[in-house]
Novice: 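Encoded as structure tokens, here's the structure I'll be asking about.
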Amino acid sequence: MTAPQGPAASDAHPLPSGASASDEDRLRAGRVSPRIENPDGSPVQQLHVAARLEDRFDAAVARVLRRRGWTVRVIGYAGYGSGGRVRVLARTLLASPNVRQRDLPDAGAGAQTGERLAPPVRGWRSFFTAPVAGATVEVTIAGTTHRLTADRGGYVDAMVEADLPPGWHDVELTSLDDARTTARIVVVGPEPTVGIVSDIDDTVMVTRLPRPLVAAWNVFVRHESAREAVPGMSRLYRELQASRPDSPVVYLSTGAWNAAPAIGRFLRQHDYPAGPLLLTDWGPTNTGLFRSGQRHKVAQLRRLFAEMPQVRWILVGDDGQHDPQIYAGAVARHRDRVEAVLIRQLTAGEHVLSHGLPTATPEQEEQQDRADDVPGVEVLLGADGEELLRQARAAGLTA
């Protein structure tokens, strides 16, 4: 179950015009081999052995479920757009015909963007899904239909042409079995503005990652309504956005797409601004056994910088893992695209859970100092949103 990789590449492509009926049958049975690319866009010559084993397992499950009458559904995730193009994010999976669209495990992934709020569930349900590799998805935007294909993990991640005015828009997604749903797209206007890129784990939500047992308990067992919000963070984001109500807010995390419904409901419950989630997927990659969370964040930041050149970003994270290094790198390479860096400082106990030390590592402190030395870029440190908000007001970042 592999999500698209790379700063601008996508495993979602238009279906070849010469596709035959037998090709469509293979798609329906989950036996297609979609085009697979390296991060630079070149084709992967040979998948990693773990990825091949995963693909065989997924295809076998798909064949069994199709014989039992399960149909291909599509789940829409919130996307963004600017300059006449929009990024469509979705996933194809199999479900029993008796299951309603709103009751699918991944339903509610766009809960924080204004869709009807799905009821809270325990996170493990979203991890037991049957993806459909290479499934076709028709995306209708402003009367124009684009036909895309999912990658080997069932994910669609594609930029398509769409001339939409600024604001939120609904796009229609249709699976090859004619199951329909909608996804929301936020379009950013051409005028210069300031947006927010926010980490999730231990920045807006107390997750105590990456301690394995605690992380597994939080994701798979603990009821999402019992999850803790970091004090003051939603108020901080609301005030940062108050003077620019149309500015984008993007939530960037190394968490799994399967957790998107729970994250979306959490963000809405705690009054965070609506915005797309940019997540990844757990499991083997095209070329390795594990994916790099750091590379995922760096690649997504580069995409945001390239696809919305009119936006300067406030980068918000925590000092528990790699956010200080990643954001310092963004400041060093794209100084004109970064408005400020806000880092939530974890408690001693949270640092121990994060990396075994009661304070930030020397490398993290060095990277924070590097970012702080760049003139014109504010770097604020605080224990929670309330402390960061006081500093943001003093720095003139709020209205």
Side-chain angles (χ1 to χ4, degrees), residues 77-80 89 109-113 186 188 193-207 209 227-242 244-255 257 259-260 262-280 293-294 296-305 308 311-331 337-346 371 377-389 391-392 397-398:
Y77 304 120
Y80 61 82
L89 298 165
Q112 90 283 14
T113 63
V186 61
V188 183
T193 188
V194 176
I196 300 171
V197 173
S198 172
D199 177 48
I200 296 174
D201 301 325
D202 287 321
T203 298
V204 302
M205 174 194 299
V206 179
T207 52
L209 291 172
R227 295 183 180 182
E228 305 168 50
V230 175
M233 293 302 288
S234 63
R235 185 180 177 188
L236 167 67
Y237 291 4
R238 291 290 181 185
E239 288 208 20
L240 289 173
Q241 196 187 35
R244 326 168 187 90
D246 296 328
S247 64
V249 179
V250 177
Y251 298 93
L252 173 59
S253 173
T254 58
W257 274 112
I263 293 172
R265 288 186 287 261
F266 174 90
L267 293 173
R268 179 165 173 172
Q269 176 186 354
H270 293 279
D271 197 34
Y272 283 94
L277 305 175
L278 297 180
L279 308 179
T280 183
Q294 288 179 267
H296 165 71
K297 284 192 170 183
V298 170
Q300 296 304 321
L301 282 175
R302 287 176 179 170
R303 285 198 66 165
L304 292 172
F305 293 162
M308 288 186 274
V311 181
R312 286 172 58 86
W313 297 95
I314 298 174
L315 308 180
V316 189
D318 65 82
D319 65 357
Q321 284 293 302
H322 303 291
D323 289 345
Q325 298 97 307
I326 294 169
Y327 292 168
V331 170
R337 309 305 311 284
V338 180
E339 179 78 4
V341 175
L342 279 59
I343 298 295
R344 184 208 166 207
Q345 296 174 302
L346 304 188
V377 176
E378 294 283 353
V379 178
L380 309 181
L381 310 177
D384 54 28
E386 295 170 358
E387 187 173 334
L388 287 170
L389 178 56
Q391 297 183 48
L397 295 176
T398 61

Novice: Where do Ile200 and Phe266 land on the side chain to side chain contact (heavy atoms under 4.5 Å, CB included) test, with the steps shown first?
Specialist: CA-CA 11 Å; Ile200 296 174; Phe266 174 90; over 6 Å; no
Novice: Please answer whether the main-chain N or O of Thr193 pairs with a side-chain N or O of Arg244 as donor and acceptor at a distance below 3.5 Å.
Specialist: no
Novice: Ignoring hydrogens, what is the shortest heavy-atom contact between Ile343 and Tyr327? Give both atom names and the distance.
Specialist: CD1-CD1, 4.0 Å
Novice: I'd like to know if the side chain of Arg344 reaches the main chain of Ala383, judged simply by a donor and an acceptor atom lying under 3.5 Å from each other, with no hydrogens or angles considered.
Specialist: yes
Novice: Decide yes or no on side chain to side chain contact (heavy atoms under 4.5 Å, CB included) for Val194 and Leu240, but give the supporting numbers first.
Specialist: CA-CA 9 Å; Val194 176; Leu240 289 173; over 6 Å; no
Novice: Of the non-hydrogen atoms in Ala78 and Pro276, which two are nearest, and what is the gap between them?
Specialist: O-CB, 3.6 Å
Novice: Please determine whether side chain to side chain contact (heavy atoms under 4.5 Å, CB included) holds for the pair Val197 and Gln300, giving the CA-CA distance in whole Å, both sets of side-chain angles, and the decisive distance to 0.1 Å.
Specialist: CA-CA 10 Å; Val197 173; Gln300 296 304 321; over 6 Å; no
Novice: Are the side chain of Arg337 and the backbone of Arg312 linked by a donor-acceptor contact shorter than 3.5 Å?
Specialist: no
Novice: Write down the atom of His296, the atom of Thr254, and the distance for their closest heavy-atom approach.
Specialist: CD2-CA, 4.2 Å
Novice: Under a 4.5 Å cut-off applied to non-hydrogen side-chain atoms, are Tyr237 and Ser198 in contact?
Specialist: yes
Novice: Using the ring of each side chain (for Trp, its six-membered ring), is Tyr251 parallel, tilted or perpendicular to Tyr272, with breaks at 30° and 60°?
Specialist: perpendicular
Novice: When rounded to the nearest 0.5 angstrom, what distance separates CE in Met205 from NE2 in His270?
Specialist: 7.5 Å
Novice: If every non-hydrogen atom of Gln241 is compared with every non-hydrogen atom of Pro273, which pair is closest and at what distance?
Specialist: OE1-CB, 3.5 Å
Novice: Main chain of Leu346, side chain of Asp319: is a donor-acceptor contact present, judged purely on distance under 3.5 Å?
Specialist: yes
Novice: Are the side chains of Val230 and Val206 in touch, meaning some heavy atoms are under 4.5 Å apart?
Specialist: yes
Novice: Quick one: does Gln294's side chain have a donor or acceptor within less than 3.5 Å of a partner on Ile326's backbone?
Specialist: no
Novice: Find the distance between CD (Gln345) and CG (Leu388) and round it off to the nearest 0.5 Å.
Specialist: 8.0 Å
Novice: One thing to verify: whether Lys297 and Asp199 come together as a salt bridge, which I'm taking to mean a side-chain N less than 4.0 angstrom from a carboxylate O.
Specialist: yes
Novice: Is there a side chain to side chain contact (heavy atoms under 4.5 Å, CB included) between Leu89 and Leu278 once you walk through the steps?
Specialist: CA-CA 9 Å; Leu89 298 165; Leu278 297 180; 4.1 Å; yes
Novice: Using the side-chain contact (heavy atoms from CB on, under 4.5 Å) definition, which of the options Thr203, Val204, Asp201 pairs with Asp318?
Specialist: Thr203
Novice: For Glu387, does its backbone N or O pair with a side-chain atom of Asp384 as donor and acceptor, under 3.5 Å?
Specialist: yes
Novice: Taking all non-hydrogen atoms of both residues, which atom of Leu236 and which atom of Ala392 are closest, and how far apart?
Specialist: CD1-CB, 4.3 Å
Novice: Looking only at non-hydrogen atoms, find the nearest pair between Tyr77 and Ala260 and report the distance.
Specialist: CE2-CB, 4.2 Å
Novice: Please list, chain by chain and in numerical order, all residues satisfying salt bridge (Lys or Arg N to Asp or Glu O under 4.0 Å) with Asp271, sequence neighbours excluded.
Specialist: Arg238
Novice: Under a 3.5 Å distance rule, please check whether Thr398 uses its side chain to pair with a backbone N or O of Glu239 as donor and acceptor.
Specialist: no
Novice: From Leu252 CG over to Ile196 CD1, what is the distance, rounded to the nearest 0.5 angstrom?
Specialist: 13.5 Å
